[in-house]
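This is a predicted model, so every value here is computed, not measured.
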2 protein chains.
Amino acid sequence: MTLHDTEPSQSDDAARAGWLYYVAGLTQDQIARELGVSRQRAQRLVSRAMAEGLIHVRIEHPIAACLELEQALSDRFGLIRARVSPGLGPGADAVRAIAPAAAQELERFLAMPDPLVIALGTGRALRGMVDAMTTMDAPQHSLVSMIGNIAPDGSASFFDVIMRIADKVRAPHYPMPMPVISSTLEEFAAFTALAPIARVRDLAARADVIFVGVGQMGDDAPLLADGFITRAELSALQARGAVGEVAGWVYDASGAYLETPGSTRNGGVPILPRMARPAIGVAAGPSKVAAIRAALGAGILNGIVTDESTARAILAQR
Amino acid sequence: MTLHDTEPSQSDDAARAGWLYYVAGLTQDQIARELGVSRQRAQRLVSRAMAEGLIHVRIEHPIAACLELEQALSDRFGLIRARVSPGLGPGADAVRAIAPAAAQELERFLAMPDPLVIALGTGRALRGMVDAMTTMDAPQHSLVSMIGNIAPDGSASFFDVIMRIADKVRAPHYPMPMPVISSTLEEFAAFTALAPIARVRDLAARADVIFVGVGQMGDDAPLLADGFITRAELSALQARGAVGEVAGWVYDASGAYLETPGSTRNGGVPILPRMARPAIGVAAGPSKVAAIRAALGAGILNGIVTDESTARAILAQR
DNA sequence: TCATTAAGCGATTAAATGCTCAGTCGCTTC
DNA sequence: GAAGCGACTGAGCATTTAATCGCTTAATGA
């Protein structure tokens, strides 16, 4: 699917039906009459509007319990920024819960007047964040990827986050057109020797703001699922105390980066800890608690967007 | 963890229920179990969250037909800005339809870096706009009322718009603490002689951006309903060709301001036509078509937020 | 050209939602 | 202290919405 649906009337109708349903508050029966279609079709249009992410819902009310958790996180880890969304209950997708809040945080930076270099990681959480963003004009900023966009399987899924944001805000964007992990040191050197790539890497290294997801290093670690490391390598890393990973860089419970099989060939730019510029993590879920705690404790991240239960779990261990 | 369990407030629960329903997509049954209340109570909390305006829904899709209308309005009247929302169908409240779009327009200005003086009118449409706004920090701007806040019946409803916006954006705000229409020329002179009031009037006069509603001059004109003019005066104005009113200043079909019984005692500041700064009207509804058309044609307004059917009607008369 | 597959549509049915109506609890007032 | 008032609650019911199924239609590819 292209970013702009080629069939205008299709998703146009869906948007209109969604509008009538969610904003106007009509019943699907009324919508059907309004648009001159069958009731079932109206229902399908409405649910399609929701499925395609045309409908954005935000809640305009700071829930007291979440505010307290934000405060507690900030105090405990000395954060610049903490956002806690209400949880979605067990079993639900945590990304859904934090996406709107994360989008709002990013929009805060995008709304700033002075040009910023905004570096972005990848992953489901960031993808959710982008989908929840509103379109806005922010051409003064630069968007740069912290991570290569050529996956081991050749997929371009890593491309998505930065391209989609750029599309929504019309800002200049710099994906990093090299393998996430080069297969040899020679290949790595060949890519990084290219001036345009060197420039992107340089831009990412001096970003003014960073948004990244946080990966866990359990037995179903994303690094394994995406084919960046083998199961044996994962086991070795676990044995060495790996608890989390940010933009492909693995760290242990103290937040110290570990050498990994691919780290000398990782095209991405690591986040240096304890810097002044905001480095915001977007992550939630029980499996990520240890990873997030370590990243916050070591100052790899100095801001976090998460959900209620994750926040509680992060704070639980004293 | 030192989070003392404060009793979750009423609207806290409502917000949480609304979140679970609209964002998480749980059924009310699941919400009830989650919160440990009866299903009926969950349903009441959800509808309360909606009623209290805690839930903001926006649609992230420019509907083709609306874009065309925006273009047509801009071309026809040489507007800086035109926004057209999908209609809500006959009988529905037009304010509901345009409020989110109007809020987004205002937020565009609020997101700007350089300090702006933003002047605001009153009325239901602006009130809806404010309710649909998200909270944001924009302390660099100044919010000023274009119109006095003391109504003939002493109500403070005119106070609302500017106070509520200021509350949401934390910006300095300047209501105009004098009668909308003073009862005598002496009273008018006494008020305008006061330095603080003169300063507010001056600020409003040199606003960088203006947002106003548009009033119609039919037999149920808001000026009559709010007690600013008598029925006899309304009839006289109608006979003289009055079609609309902006911030209490009445104009005819050519957009020329008319002398009214109160115009020499009107504490508000009229909008001078054909100025460079944005003057955005927020209005929709069949009864307002003539009023909007005249205001746009004469350049009293150079921007409009309206709905589909109103836009069509405005453009219909060639 | 025809078989195969995918997509869309309406009808049916199960689930979820909103509404009304008594009953209850707490509060005020006499 | 009892009656009155009002807001809230839960149950049942009517409406609305979502899921399923069989059918038709369009698209794909040998």
(request) With salt bridge (charged side-chain N to carboxylate O under 4.0 Å, His left out) as the test, would you mind laying out the steps for B:Asp29 and B:Arg39 before giving the verdict? (result) CA-CA 5 Å; B:Asp29 235 337; B:Arg39 193 186 71 74; 5.1 Å; no
(request) Quick one: list whatever passes side-chain contact (heavy atoms from CB on, under 4.5 Å) with A:Ala99, sequence neighbours left out. (result) A:Ala132
(request) Dump the intermediate steps for salt bridge (charged side-chain N to carboxylate O under 4.0 Å, His left out) on B:Arg16 and B:Asp12, then the final yes or no. (result) CA-CA 6 Å; B:Arg16 185 175 292 268; B:Asp12 229 55; 5.5 Å; no
(message) Which heavy atom of B:Leu126 sits nearest to which heavy atom of B:Leu120, and what is that distance?
(response) CD1-C, 4.4 Å
(message) Tell me which pairs pass salt bridge (Lys or Arg N to Asp or Glu O under 4.0 Å) where either residue lies in residues 44-56 of chain B, with sequence neighbours left out.
(response) B:Arg48-B:Glu52
(request) Could you tell me whether the side chain of B:Lys288 reaches within less than 4.5 Å of the side chain of B:Thr306, counting heavy atoms only? (result) no
(request) Measure across B:Ala313 and B:Val289 and return the closest heavy-atom pair with its distance rounded to 0.1 Å. (result) CB-CG2, 3.5 Å
(request) Locate the shortest heavy-atom distance separating A:Pro100 from B:Trp19; write the atom from each residue and the value. (result) CG-CH2, 4.5 Å
(message) Testing the basics here: between A:Cys66 and A:Val84, what is the closest heavy-atom pair and its distance to 0.1 Å?
(response) CB-O, 3.4 Å
(message) Of all nucleotides in DNA chain D that come within under 4.0 Å of a heavy atom of chain B, which is furthest toward the 5' end and which toward the 3' end?
(response) D:dT9 to D:dA11
(message) How would you summarise protein contacts on nucleotides 10-20 of chain C per nucleotide, using B for base, S for sugar-phosphate only and - for none, with heavy-atom distances below 4.0 Å?
(response) BB-----BB-B
(message) Quick check on the helix from C:dT1-D:dA30 to C:dC30-D:dG1: what's the angle between its two end axes, five base pairs per end, to the nearest 10°?
(response) 30°
(request) Taking salt bridge (charged side-chain N to carboxylate O under 4.0 Å, His left out) as the test, write out the residues that go with B:Arg108, two or more places apart. (result) B:Glu105
